[in-house]
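Single-structure report; data block below.
Each chain gets a letter, A, B and so on, in the order its sequence line appears, and its residues count up from 1. Here the structure is a predicted model, which is why all the values come from computation and not from measurement. The basis for the numbers below is simple: all heavy atoms, side chains too, and nothing from hydrogens, waters or symmetry mates.
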2 protein chains.
Amino acid sequence: MNFERSQPAPVSPTPGDPAVPSSPDPAGAASPDSARAPSQDLVRALTDERVIRALIDHRRLTRAELAAEIGISKPTAGESVRRLTERGLVADTGERTPGGRGRGRVGSYYALAPAIGGALAVTIGPEGIVAECLDVYGDGIASATRHPEPSRVGAALAEAVSEVRDLTPQPIRLAVVSAADPVDRVTGRLVQLPDSPFLVGELDPVAIICAYVDGPVIVDNDVNWAAAAQGRRDFAYLYLGEGLGAAIVDDGGIRRGSSGLTGEISHLLTVGPQGRAIAFIDLFGELGLRKPGTTAIDVPRLKESSTAVRETIATAVGGVIAAVIALADPEDIVVGGSWGPFLIGEIRAAAARLPRQVPLRAAAPTGSPASVGVRAEAISRLRASITADL
Amino acid sequence: MNFERSQPAPVSPTPGDPAVPSSPDPAGAASPDSARAPSQDLVRALTDERVIRALIDHRRLTRAELAAEIGISKPTAGESVRRLTERGLVADTGERTPGGRGRGRVGSYYALAPAIGGALAVTIGPEGIVAECLDVYGDGIASATRHPEPSRVGAALAEAVSEVRDLTPQPIRLAVVSAADPVDRVTGRLVQLPDSPFLVGELDPVAIICAYVDGPVIVDNDVNWAAAAQGRRDFAYLYLGEGLGAAIVDDGGIRRGSSGLTGEISHLLTVGPQGRAIAFIDLFGELGLRKPGTTAIDVPRLKESSTAVRETIATAVGGVIAAVIALADPEDIVVGGSWGPFLIGEIRAAAARLPRQVPLRAAAPTGSPASVGVRAEAISRLRASITADL
DNA sequence: TTTCCAAGGCAAGGGCCCTGACTAGAATCG
DNA sequence: CGATTCTAGTCAGGGCCCTTGCCTTGGAAA
């Protein structure tokens, strides 16, 4: 077994595949710090970590600048740089301090070595596949896009990742993936839930991507990544498009649940026509608003529907909101997806009839909030993985 | 402002009261460790911390035993004990190693000094008030109980806490409180939600208890504490008694939401008679199962009700379970409260008709799970507060 | 060319921990 | 009852990491 350890995340180096390099996880899962060596090479490691962090923030620094920035002495800074250079994590850029700075001796600029590698950020959805390689600074190094037919998603994913891999000189230390379908938290696979629209289809991104990446592959639902990108502590994101979903952020962290299916609200009971209780997704079946032959909602038809139908839908959404309030107590609720913001007026009215009130906002129609969240996670994990191994 | 910092918790030293000692919070909220001094007195602090932890675990140890236990050298252990003794955290117990141990020189047993203090664990519910003082080892030092009339809850709480305070020689460093009503996460007050049973009533435990305690006062709902005591990573606890509630544990942490009202499921929509959508609590009104004159459910009447009514209730609970599954994705659901386990068979049958399945368990009828959770939290916070200030 | 001045290196010193040897002191053995 | 045995605690020496203070280096300004 070599599951990813870091707690707040969905997971998944493939358990069985021997071809997968997958992070070695040296010397046992380190508990908070105190489990570490009782001795004082800990403080050296800490110094090195601070040097790396300073170089992430400032891109290039002389040893004197490092000392000033971190608050350590010059000899210590010099020693740390020497150690890190020896390990290949830091390199002399060859640049020297510009003459303009003053008259003193010129300093040598050091920066993180390219060998520290990059991270892959991948989004998979009905609108296509985007794979992108980012460096520690958060800059894009390379990217590739595909718009495959539904049957070729797996192959196209492999192509895109392979292309990015070839375009990237650095090693790729991990991948973070967003998929537009429910993701099984344990295996990282896309799963089909009964009666839910299945936009991407059967897919095991971990198995495909692992071959091109040296470390863990993290997969999660796009709605979760979009929610993570909001940077709020307690809120809920209601996704109302061809599929139905929700993401819940509590105490600053995304709530995933035991199998990662938190927010799959299709089967939530709510109010249907004539006040009957009905599963949320079934409402659209009854109203004839599902795309024929699929499980997806027919959004264009929905948008053209009568006022009465829209009221009915909004009332049902109100029931979903009541459930979200009861079970997640968000500070506010963001309504997104292809038709959610379209009905925001009716939904607000329906929510106003609930016993507990929560502010509702329509999602800003930004490009793709999920990819923002994926990128942020990829960068933060890349940085963590660098400082993790001393 | 002096809100408690530690993230995973509901909070509340009173903001305004100048009479409140309330923890000083010295030198800024320390981030994980790296924000600490860059130097190596950090490792000394770490050593001291380990000594304290070892003394918590073993109660009394000689310096030689400490060295062996922690894995440090004897001189280092001796130095640490000297420092800690000087600071009043550790004391020579006067006990000496028993002759039976061997023939060598007798050693001096050291233990944590009484001055490190204790923690208050308080439960407030319709069945009464219990205040209890615990020491670092988790042993009860003193306790007091009250069974006040509803109008005297505040006064009785003050009495009980005061009594425990007087019985305790040690300083009391913090209090953890369980209350049988919804707790506002920000203020720590008990809040009345529309149409919910309000068992304890208007109360501000923080304001009352603060006067007797040197540190923070943490208040939360009893259902949350009961859930926390289960020690599982991802599950939900459904409380079905005179009041209705739920607690959600995700990734090992209790979910509270922005105002602490996560799990207040009274207004969740579910299936009522004739398949109509109805708020969970209203069902009991329609069935005539609410105590006259109150908002509480009449449990004896409920238990005597007909099979049809029980089926109806179980179906409604099934709807609540569907919502919990959709929005929390628990590994399993524990059903507790005064009538939940009573209907577990019917509820299981209703849940079996849902599209997604989750194992249901009846809560073990242990004494009071909430007080277990409160005690555990009090002890763990007490220990953390000791090791926190070096 | 000389002067200036910051970068970088060297040496000394302090703190913390470790190892190994020594002292202290009580129980057990002969 | 003294010698032996064995362990608690202390002392001395040494390594590692960091700091301060001073010196050297080497371009730019004068």
Review item, side-chain donor-acceptor pairs of residues 83-90 of chain A, under 3.5 Å, at least two apart:
from    : atom 1 : to       : atom 2 : distance (Å)
A:Arg83 : NE     : A:Asp48  : OD1    : 3.4
A:Arg83 : NE     : A:Asp48  : OD2    : 3.2
A:Arg83 : NH2    : A:Asp48  : OD1    : 2.7
A:Thr85 : OG1    : A:Val81  : O      : 2.6
A:Glu86 : OE2    : A:Arg82  : NH1    : 3.3
A:Arg87 : NH2    : A:Asp389 : O      : 3.3

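- Proximity note for B:Ser108 (side chain, C-beta onward) versus D:dG9, C:dC16, C:dG8: the nearest is D:dG9.
- Between B:Val122 and B:Glu132 the shortest side-chain heavy-atom distance does not fall below 4.5 Å.
- Partners of B:Val164 by side chain to side chain contact (heavy atoms under 4.5 Å, CB included), not counting sequence neighbours, listed by chain and number: B:Leu120, B:Ala131, B:Cys133, B:Ala142, B:Ala144, B:Thr168.
- Nucleic acid contact class of B:Gly78 (heavy atoms, under 4.0 Å, all strands): none.
- With rounding to whole Å, A:Asp92 atom CG is found 13 Å from C:dG8 atom C1'.
- For B:Arg255, the salt bridge (Lys or Arg N to Asp or Glu O under 4.0 Å) criterion is met by A:Asp250, B:Asp250, not counting sequence neighbours.
- End-to-end axis angle of the helix from C:dT1-D:dA30 to C:dG30-D:dC1, from C1' rotation axes over five pairs per end: 20° (rounded to 10 degrees).
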Which atoms of nucleotides 21-25 of chain C (N or O only) lie under 3.5 Å from a protein N or O atom, and what are those distances?
from   : atom 1 : to       : atom 2 : distance (Å)
C:dG25 : N2     : B:Arg105 : N      : 2.7

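- Considering only residues two or more places apart in sequence or on other chains, A:Ala378 meets the side chain to side chain contact (heavy atoms under 4.5 Å, CB included) condition with A:Ala119, A:Ala121, A:Leu134, A:Val176.
- Out of D:dC18, C:dT19, C:dC17, the shortest distance to the side chain of B:Ser73 is found at C:dT19.
- In this view, A:Asp139 and A:Arg59, A:Asp135, A:Tyr137 satisfy the side chain to side chain contact (heavy atoms under 4.5 Å, CB included) rule, not counting sequence neighbours.
- With rounding to whole Å, B:Arg63 atom CZ is found 11 Å from D:dA8 atom P.
- Checked against salt bridge (Lys or Arg N to Asp or Glu O under 4.0 Å), A:Asp166 has no partners two or more places apart in sequence or in another chain.
- In terms of the side chain to side chain contact (heavy atoms under 4.5 Å, CB included) criterion, residue partners of B:Ser371 (sequence neighbours excluded) are, by chain and number, B:Thr123, B:Ser368, B:Arg375.
- Counting to the nearest Å, the C1' atom of C:dG8 and the CG atom of A:Leu66 are 13 Å from each other.
- Sequence order on DNA chain D of the closest nucleotides to A:Pro75 and B:Pro75 puts B:Pro75 first from the 5' end.
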